[in-house]
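As a basis for the values below, the full set of heavy atoms in this structure was taken, side chains included, without hydrogen atoms, waters or symmetry mates. Every chain is numbered from 1, with letters handed out A, B, ... down the list of sequences. What you are looking at is a predicted structure, and each value in this text was computed from that prediction instead of being measured.
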Amino acid sequence: MSKNLVIVESPAKAKTIEGYLGQGFTVKSSFGHVRDIPRKGMGIDIENDFTPKYEVSEDKKKVVAELKKLTKAAETVWLATDEDREGEAISWHLYETLGLEKKETKRITFNEITKTAVQNAIENPRKINIDLVNAQQARRVLDRLVGFELSPVLWKKIKPSLSAGRVQSVTVRLIVEREREIRDFNSTASFKVKAEFVLNGTVIKSDLGKSFKTEEETLNFLNQCAASDFEINNIEKKPAKKSPAPPFTTSTLQQEASRKLGYSVSRTMSVAQKLYEAGRITYMRTDSINLSQTARNGAEAEIKKAYGNEFSHPRVFKTKTKGAQEAHEAIRPTSFAVHSAGNDSSENRLYDLIWKRAIASQMSEAKLEKTTVKIAGSRIQELFTARGEIILFEGFLKVYLEGKDDENDDVDSDNEGIFPPMKKGDALSVKMIEATERYTRPPARFTEASLVKKLEELGIGRPSTYAPTITTVQKRGYVTKDEIDYKIRNYGQLTLKNGEIKTKQLTENYGGDKNKLHPTDIGTVVNDFLVENFEGVLDYNFTASVEKEFDDIAEGLMNWTEMIKKFYNPFHTKVENTLEHGERQSGERVLGETEKGEDILVRIGRYGPMAQIGRTSEDENDPKPRFSSLMKNQSLETITLEEVMDLFKLPKDLGSHEGHEVIVSNGRFGPYIKYDEMFVSIPRGEEPLDVDLPRAIELIKAKQEADAPIYEYEGLPVQKGSGRFGPFIKWNDMFINVNKKYDHDNLSDEDIVELIEVKKQKEIDKVIHNWEEEGIRVEKARWGRFNVIKGKTKIELPKTTKAEKLTLEEVKAMIEKAKPAKKKPAKKKPATKKKTTKKK
DNA sequence: CAGTGAGCGAGCTTCCGCTTGACTT
């Protein structure tokens, strides 16, 4: 047993550091926080100075037990968790749970993992900083109070199981408000003019500073152009510089990987995690843009070697990010000498991006020369402008240029670089002048990455939570990335060529989006409710202002329970008031009424957004209201009366085909055709009301073909398909992923047999118990957990379960206990039976 | 939940941050 036990947060870090410390030191990891407020219940003694009740988290019991054992054997325990608020708290929780009062305990920190930094830390130990710990407790308690008091208000006033919190609710707010900006945006059109001139055989592209409101004005202008002589009016040359961006933080890595590689933020994180575990890059959850001295030296050496001395320009970057805690370095390669790394192409590409960005940050500026040429026409007032840029010295551009989010930028008339020799007064001939009608564009919807950028600017959330937050708001149904259909509009184009003006009418798509975040109806209703009643917490500056107070607590200038009390008292009063007086919210909008005077309205129902004709009345003899779900691409805020009336035209009987009825309807998964026990989805963009019988039969046939078995194995059909996790084959109710190794379109019979056999063996391997006569199985499940399965009932058991030792009796008892919790809809009462066919 | 949109109402849901995990349709 080793004399010294060092505890860090991450196992990969533990491995590295153990190498630096050598004999006499054992380095272990806590895997993050080990203790927390219980998952269920408030877990805070509000009456008693907000004392939090802490317990070792279920999935950390094993880790804690092992650390306890090692602690006993060690002479000195070194708490080497991160140097920020959460890290300090982890150390304190370890101190408390491992019983370190009786031990020689030292707190050490380093914000870079280099040999000198680690050895330095060992020579300069300190004590746990309880002020910093208290700042973390305040953060934790505040988040629990906000989350667990606001959520129940939503359950009562809107819908059960909803959630609210300091971070997620503001995230949703950003998306809801952006959508409203887009909806309310007044798009105006104007004619933008571009021209191509020729000088000594070279084409010069340019554009006009002014745009024209009407076609008439534009035509007039082009007529003047046709009668004009053009000449160079002015030439201006200006030197310019470009500097490299700092190395990556979590947020900027997510943005660039999204722009340049098309990765989602969670994919970026999991690919980066692999590179980190392989020792290729430094820690990927960081808000720092700082590089260690060792790293800067490494970069300098590599730049000089690979590109030459003149390309090297060592730099130290200072963060401007609000609330940055800088417990780690920026994200960089562990060795700059390694130009390429990773086990597959996604790892390769991300590593390449990280390497280039970090290297570029230590390289010289690029030197440019920008040229602006003004061109005048004899019969027009306005000047055309041509711009060019020449690179005099590449500098960092040799390896890397930061991407841009697409902006409202129609200017693509920049010349590639060099203009032909020219002087003021030179005559130009017109190759073409083109005026195109362009609409102003509303702000862009957020992508995952641009949302992360915004959150970081507001100081909301942390590197470790950006990706999970985006998942949460989607999982709660507040936000989706569903495709938004394009609309079509006309625009005009006037072209002057060879002295002749031609007019064209063209069409373009607009308003559609793919992979962009937008709110659902429930997200919008929840947001409006929260903003109206809890403006303080939903304020974009709420986090920033409490962060300031956390800083004061960390400095020892403020008492944490005082701070929480000051927040909680008015907040809690507001919660109580809202519970008592707040109205139930359903996002209801009355769109009109029928001839009989019944309301036609839309609102959120038990199963989502719906339309309704008539109201439920007290009198049982009154007719029941009619209901219909909204289509996926419709929303409460924008649906029209006409669209609502169309909904009630479904289900629609199209007639029959080969002895079976063909019915068009709208369901949980969108519009579909029902035909002989078979459901066929109607493709996106196709109006269900426009589908006629021949089209329906076409779709049915296509589906039958796609579903046709591709093989038969042990008497059961094998089908193929493509789902959320890529291509699969289906056999005997099992989904079997077909990985890239196979050609999914042309699977051979041998491939199919192999895939099935491998899957079958996997299924057998994960079974721990199988009581066949009872129909009960115990199987291995994800995260080291176990599942008890009986028919459709599935109970998840924690990791710590000794699954092998479970007896049938114990398992049966579990199933019994679990049953009442599983709410099963009541059996259909014969009394509510409806007619099976609508037609008489 | 791919025909729904109440029900008597019990008992449930929920936060943010720090880690890794390696399954799912």
Atom [atom1] of [X] and atom [atom2] of [N]: how far apart are they, to the nearest Å?
| X | N | atom1 | atom2 | value |
| --- | --- | --- | --- | --- |
| Ile682(A) | dA2(B) | CD1 | P | 17 Å |
| Lys632(A) | dC1(B) | NZ | C1' | 14 Å |
| His93(A) | dC18(B) | NE2 | C1' | 11 Å |
| Gln719(A) | dT25(B) | CD | P | 17 Å |
| Ile522(A) | dG5(B) | CD1 | P | 18 Å |
| Leu150(A) | dT13(B) | CG | C1' | 15 Å |
| Lys60(A) | dG21(B) | NZ | P | 12 Å |

Give one of base, sugar-phosphate or nothing for [X], where a contact means two heavy atoms less than 4.0 Å apart.
| X | result |
| --- | --- |
| Ser151(A) | base |
| Arg140(A) | base |
| Gln136(A) | nothing |
| Ser629(A) | base |

message: Is Phe148(A) stacked against the base of dT14(B), taking the criterion as centroid distance under 5.5 angstrom and interplanar angle under 30°?
response: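 Yes, aromatic ring over the base.
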task: Measure from the ring centre of Phe31(A) to the centre of the six-membered ring in the base of dC18(B), then say whether that distance is under 5.5 Å and the planes meet at under 30°.
output: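 Per 5.5 Å and 30° rule: no stacking.
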- request: Output yes when at least one side-chain N/O atom of Thr465(A) is less than 4.0 Å from OP1 or OP2 of dG17(B), else no.
  value: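 Answer yes for this pair, as a side-chain N or O of Thr465(A) is under 4.0 Å from OP1 or OP2.
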- prompt: At under 4.0 Å, does any side-chain N or O of Tyr607(A) touch on OP1 or OP2 of dA2(B)?
  reply: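 For dA2(B), neither OP1 nor OP2 has a side-chain N or O of Tyr607(A) closer than 4.0 Å.
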Nearest-nucleotide pick for Arg39(A), side chain only, options being dC15(B), dG17(B), dT19(B):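 Nucleotide nearest to Arg39(A)'s side chain: dC15(B).
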query: Any salt bridge between Lys53(A) and Asp45(A), counting N to O under 4.0 Å?
result: no
